[in-house]
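Here the structure comes first, spelled out in structure tokens, and everything after it is commentary.
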There are 2 protein chains.
Amino acid sequence: MNDLSDNDVYWWRPLEETELDTRGQLLFAAYKEIHVNGFQSASLSNILARTGVTKGALYHHFPNKLELGYAVVDEVIAQRIHLNFIQPLEHFGDPIDGFIAFIQGAGDAFSMTDIELGCPLSVLAQEMAPIDEGFRTRLAAIYEKWHQSIADVLIQARQNGLIIDEVDPYTMAVTMAAILEGSLSAAKVSRNLDKLYHCGAGLTQFLNLIRTQPGNQ
Amino acid sequence: MNDLSDNDVYWWRPLEETELDTRGQLLFAAYKEIHVNGFQSASLSNILARTGVTKGALYHHFPNKLELGYAVVDEVIAQRIHLNFIQPLEHFGDPIDGFIAFIQGAGDAFSMTDIELGCPLSVLAQEMAPIDEGFRTRLAAIYEKWHQSIADVLIQARQNGLIIDEVDPYTMAVTMAAILEGSLSAAKVSRNLDKLYHCGAGLTQFLNLIRTQPGNQ
DNA sequence: ATACATCCATACCAAATGGTATGGATGAAC
DNA sequence: GTTCATCCATACCATTTGGTATGGATGTAT
């Protein structure tokens, strides 16, 4: 059985773990438990044991397990995706160079724990989308926002004549997101960073092929 | 709670459901239960109720739940992946045209049930890879075989001068697999076939960009 | 000082879980 | 006819699950 120690540092770690109130502790512990075991198999007892919080406190802050799960999505995972996948897009100069640098940077930043656990958004989505509509809509909204943010960058890039006209921004955005997610999935299963690097190289090559002025391949 | 009726037709359905022996019935029912609920939350009681088989029979054929899960991977999922993702590669004429036709065909063949449940290999891998090494190695082997099979087609294509020399076959293979898997994941969460089509269009564009003689874009 | 809401601790519960122990039915071997 | 292995049915079990009921502590408003 895999486990995640309380002091483990990993890419998907939420912010502000220090000085959390009871609700925050529960949210953080639930996030980790869900990331490792999935929602359905996430054990409330484990969460309570790790935090030292009692069951009375848990059910004071959350009406039931499902609402705790929703809160994890809304308040922890959404924040993580925004910070790691959306916010960086805003600081791109040349978008193609920006994407390539982002891929490179992400590949370097991932620890082995990150690889083994995979993207929390993806893991939860795969598990819960067919089972619970509340989870599905929440997770779908996060994905949609991500896709749109990438598309916006590409729209800007096309207006500035940086990528070829044949590229549809939204189509390209969804495809790029699929590559990133697929690469994380492949690396997770193979437990091998090379899969990540291969996908990074593949996406980089794709990006270089759609820019107007040929870049440094 | 999502459910899967016994007579439901979907892309991932295993072969030869008719006239199954007890073991086969259990395997098939377990496969469906796992596909919907994941392995950890797959209920043996559900499997028994649906098949009409008793618990004594189950534990006669399988020593425990884990080995039942392994058997599902080895005997059902591996077969499905081979049939849907690997075997078609052997009949490609021009590989680029073949891939594009495959993407188109797959997009048309998927039912809404297929979309909602996603790829069984991917779902199981995301859930169990960090938790159980037996699952992980089995699933990783299936992925590796798939990647290699795509790479083989691309190697042949490059030898025949059909794709540009800058493309590394294995890198491209892993990237293509990532796109396919990522697109299925996105379609599953959004419950929208458009995500699939976007990724299909993106991959098609990528493929057209790496062929030597410009194709019909 | 009293009333009240917030916050949490303890004890308990019905249901479901995977797993086991045991015995019966059936057919083949000798 | 006896033996033995295969195949399966029934009853039972310990453990864990999410969830609840109740009461106490603490702070705040009046």
Side-chain angles (χ1 to χ4, degrees), chain A residues 1-4 19-76 124 127-128 131-135 138, chain B residues 1-4 19-73 75-76 124 127-128 131-135:
Chain A
M1 279 294 186
N2 200 312
D3 213 0
L4 194 58
E19 301 292 331
L20 285 178
D21 57 353
T22 305
R23 202 188 115 97
Q25 285 183 46
L26 287 170
L27 224 45
F28 180 42
Y31 164 75
K32 290 200 294 185
E33 174 78 7
I34 290 172
H35 195 181
V36 176
N37 294 97
F39 174 75
Q40 297 183 96
S41 297
S43 161
L44 297 184
S45 314
N46 276 358
I47 295 172
L48 297 178
R50 295 202 172 279
T51 53
V53 173
T54 64
K55 191 167 273 193
L58 196 164
Y59 278 90
H60 171 73
H61 290 286
F62 305 96
N64 49 43
K65 187 187 177 184
L66 197 61
E67 291 295 329
L68 172 62
Y70 290 169
V72 166
V73 175
D74 293 334
E75 303 178 35
V76 183
L124 198 51
E127 178 194 8
M128 296 307 294
I131 289 180
D132 182 86
E133 190 66 8
F135 268 110
R138 281 170 170 81
Chain B
M1 280 293 186
N2 201 314
D3 212 2
L4 195 58
E19 300 291 335
L20 285 176
D21 57 354
T22 305
R23 202 188 114 97
Q25 284 182 47
L26 287 170
L27 224 45
F28 180 43
Y31 164 74
K32 290 200 293 185
E33 174 79 8
I34 291 173
H35 194 180
V36 176
N37 294 96
F39 174 75
Q40 298 182 96
S41 298
S43 160
L44 298 184
S45 314
N46 275 358
I47 295 172
L48 297 178
R50 294 201 173 279
T51 53
V53 173
T54 64
K55 192 167 273 191
L58 197 164
Y59 277 90
H60 172 72
H61 291 287
F62 305 96
N64 50 43
K65 187 187 177 183
L66 197 61
E67 291 296 330
L68 172 62
Y70 290 169
V72 166
V73 175
E75 302 178 35
V76 183
L124 197 52
E127 178 193 7
M128 297 306 294
I131 290 180
D132 182 87
E133 190 65 8
F135 268 109

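Just so it is clear: chains get the letters A, B, ... in the order the sequence lines come, proteins before strands, and each one is counted from 1.
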Query raised in the report: Do B:Lys32 and B:Phe28 meet the cation-pi criteria used here (NZ or CZ under 6.0 Å from the six-membered ring centre, within 45° of the axis)?
Result: yes
- Determine: side-chain N/O of B:His61 to OP1/OP2 of D:dC8, distance under 4.0 Å, yes or no. yes
Residues passing the side-chain contact (heavy atoms from CB on, under 4.5 Å) test with A:Glu33, sequence neighbours excluded, are A:Asn37, A:Ala42, A:Ser43, A:Asn46, A:Ile47
By side-chain contact (heavy atoms from CB on, under 4.5 Å), A:Phe135 pairs with (sequence neighbours left out) A:Phe39, A:Leu66, A:Tyr70, A:Val73, A:Leu124, A:Met128, A:Asp132, A:Leu139
To the nearest angstrom, the NE2-C1' distance between B:His60 and C:dT26 comes to 12 Å
- Spell out, as yes or no, whether a donor-acceptor pair under 3.5 Å connects the side chain of B:Gln40 to the backbone of A:Gln40. no
Going through the checks in order, is the side chain to side chain contact (heavy atoms under 4.5 Å, CB included) test met by B:Phe62 and B:Val72? CA-CA 11 Å; B:Phe62 305 96; B:Val72 166; over 6 Å; no
Rounded to whole Å, CZ of B:Phe62 lies from P of D:dC7 at a distance of 12 Å
Step-by-step side chain to side chain contact (heavy atoms under 4.5 Å, CB included) determination, A:Leu58 to A:Thr22: CA-CA 8 Å; A:Leu58 196 164; A:Thr22 305; over 6 Å; no
When rounded to whole Å, the CG to P distance for the pair B:Leu58 and D:dT10 reads 15 Å
_Below 4.0 Å: OP1/OP2 of C:dT10 and any side-chain N or O of A:Thr54_ = no
When you compare the protein's N or O atoms with those of nucleotides 16-19 of chain D, which come within less than 3.5 Å of each other, and at what distance?
{"from": "D:dT17", "atom 1": "OP1", "to": "A:Ser43", "atom 2": "OG", "distance (Å)": "3.1"}
{"from": "D:dT17", "atom 1": "OP2", "to": "A:Ser45", "atom 2": "OG", "distance (Å)": "3.2"}
{"from": "D:dG18", "atom 1": "OP1", "to": "A:Ala42", "atom 2": "O", "distance (Å)": "2.8"}
{"from": "D:dG18", "atom 1": "OP1", "to": "A:Lys65", "atom 2": "NZ", "distance (Å)": "3.0"}
{"from": "D:dG18", "atom 1": "OP2", "to": "A:Leu44", "atom 2": "N", "distance (Å)": "3.2"}
{"from": "D:dG18", "atom 1": "N7", "to": "A:Lys55", "atom 2": "NZ", "distance (Å)": "3.4"}
{"from": "D:dG19", "atom 1": "OP2", "to": "A:Tyr59", "atom 2": "OH", "distance (Å)": "2.8"}
{"from": "D:dG19", "atom 1": "OP2", "to": "A:Lys65", "atom 2": "N", "distance (Å)": "2.9"}
{"from": "D:dG19", "atom 1": "N7", "to": "A:Lys55", "atom 2": "NZ", "distance (Å)": "3.2"}
{"from": "D:dG19", "atom 1": "O6", "to": "A:Lys55", "atom 2": "NZ", "distance (Å)": "2.8"}

